[in-house]
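Presented below is the structure to which this report refers.
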There are 2 protein chains.
Amino acid sequence: MNVFSLDDSVGYTINIIANLLKRELNDEFKREGVEVMAEQWALLLRLQERAGMNQLELAQATSRDNASITRSLVVLEKKQLIERQQVDQDRRDKYLALTPAGQALVPRMVACAQQVLERATQGMTTEEVTLFNQIIRKMIGNLS
Amino acid sequence: MNVFSLDDSVGYTINIIANLLKRELNDEFKREGVEVMAEQWALLLRLQERAGMNQLELAQATSRDNASITRSLVVLEKKQLIERQQVDQDRRDKYLALTPAGQALVPRMVACAQQVLERATQGMTTEEVTLFNQIIRKMIGNLS
DNA sequence: CAAAACTAATTGATATATCAAATATGTGCA
DNA sequence: TGCACATATTTGATATATCAATTAGTTTTG
């Protein structure tokens, strides 16, 4: 047996490209003086899309582990990019929202992400990229 | 501004699917009693493809940071799945190879990976998967 | 109403990635 | 030949992910 080629294995190549993209985005953030890590920018974006989520909702919205969200939020709160507010009704919940500083950061992060994406998708058409993303989303659906 | 949608952003979706695949593969390994982590199986596969690499070559062959390779190899050596041998010529190099136990593990890891991949690519044709992988490899090339 | 079941968030343990600096070794050349 | 430069690996510091267990608060129900 063993007709298995690592380079033909989507699970392997996806891992590689995810790591490369993360590195590139961190570099770009550093260059542009955006003081967040690649993993956190998705949280900030989600909160901009929809403020008032609690942590569980944010974890689901980003397909991430809940414990990991807690720790990311601690960092983001320390940087005063988000706020966690207790609301009367249920004292377990922490309602999440961007601070003004957090909101101001979003367009700069978006610019960095687009920069990186442009480099990554060089030589690909818009249609290809869109199709590619549809496939990924189908796979995400399959595993969720 | 702000016509930016997180879900349409390939950088974001790739990160999500990579994390999901890693989780699934770790689950599958656990179920099958394969005692390695998702990140390490690629190293073992590469060494099976080509024994005798040194660490730098292995780092390049897997697009990973060299320091990270060192630490993974320590783990794999402790589990007696790989050997690191000094060769006379250059005492800096550590020549890497699978042990018999490591070789025996490879087909079981491959089976797990194929299992996970089948779940992830449900509803996709072989052609779609192949095309998808070609796009990823193009992106990897763009960023390497 | 009080105990059991449930829910949201946190914490502990373990595993990994990356960059930068340190070690150890080798090579070239002035 | 000895010093500057190059190379291979390791280590330190920092950041993240996941699972399992814990803490704290809420709801259900006998």
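In the text below, chain A, chain B and the rest are named by the order of the sequence lines, each starting its count at 1. Worth saying up front: this structure is predicted, and the values here are computed from it rather than measured.
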Can you tell me if [X] uses its side chain to pair, donor with acceptor, with the backbone of [Y] under 3.5 Å?
X	Y	value
B:K79	B:E35	yes
B:R46	B:E57	no
A:T13	B:N133	no

Taking [atom1] from [X] and [atom2] from [N], how many angstroms apart are they, rounded to a whole number?
X	N	atom1	atom2	value
A:E35	D:dT14	CD	P	15 Å
B:E39	C:dT14	CD	P	17 Å
A:R23	D:dA15	CZ	C1'	15 Å
A:D90	D:dT23	CG	P	20 Å
B:D27	D:dA17	CG	C1'	13 Å
A:Q60	C:dT7	CD	C1'	12 Å
A:W41	D:dT16	CH2	P	16 Å
A:E24	C:dT18	CD	P	12 Å

Ignoring backbone atoms, establish whether [X] has a side-chain N or O less than 4.0 Å from OP1 or OP2 of [N].
X	N	answer
B:R92	D:dT7	no
B:Q55	D:dT7	no
B:Q40	C:dA15	no
A:R84	C:dT10	yes
B:R91	C:dT25	no

inquiry  = Return the CD1 to CG distance between A:I136 and A:L131, rounded to the nearest 0.5 Å.
reply    =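 Answer rounded to 0.5 Å: 10.0 Å.
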
message = Counting the atoms with a prime plus P, OP1 and OP2 as sugar-phosphate, which does A:K94 contact under 4.0 Å by heavy atoms, base, sugar-phosphate, or nothing?
response =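 Touches sugar-phosphate only.
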
query = Counting heavy atoms not belonging to A:Q114, are there more than 12 under 6.0 Å from its CD?
reply =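 Result for CD/A:Q114: enclosed.
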
request  = Answer yes when B:K94 and B:E77 have at least one side-chain N-carboxylate O distance shorter than 4.0 Å, and no when they do not.
outcome  =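 No.
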
query = Any salt bridge between B:R84 and B:D93, counting N to O under 4.0 Å?
reply =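 Looking at B:R84 and B:D93, the cut-off is not met.
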
Those residues of residues 61-71 of chain A lying under 4.0 Å from DNA chain D by at least one heavy atom =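 A:R64, A:D65, A:A67, A:S68, A:R71, in order of number.
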
inquiry  = Both A:V36 and B:K30 contact DNA chain D. Taking the nearest nucleotide for each, which residue is further toward the 5' end?
reply    =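 This one resolves to A:V36.
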
ask   = A:L73 or A:L20: which one's nearest nucleotide on DNA chain C is closer to the 5' end?
value =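 Result of the comparison: A:L73.
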
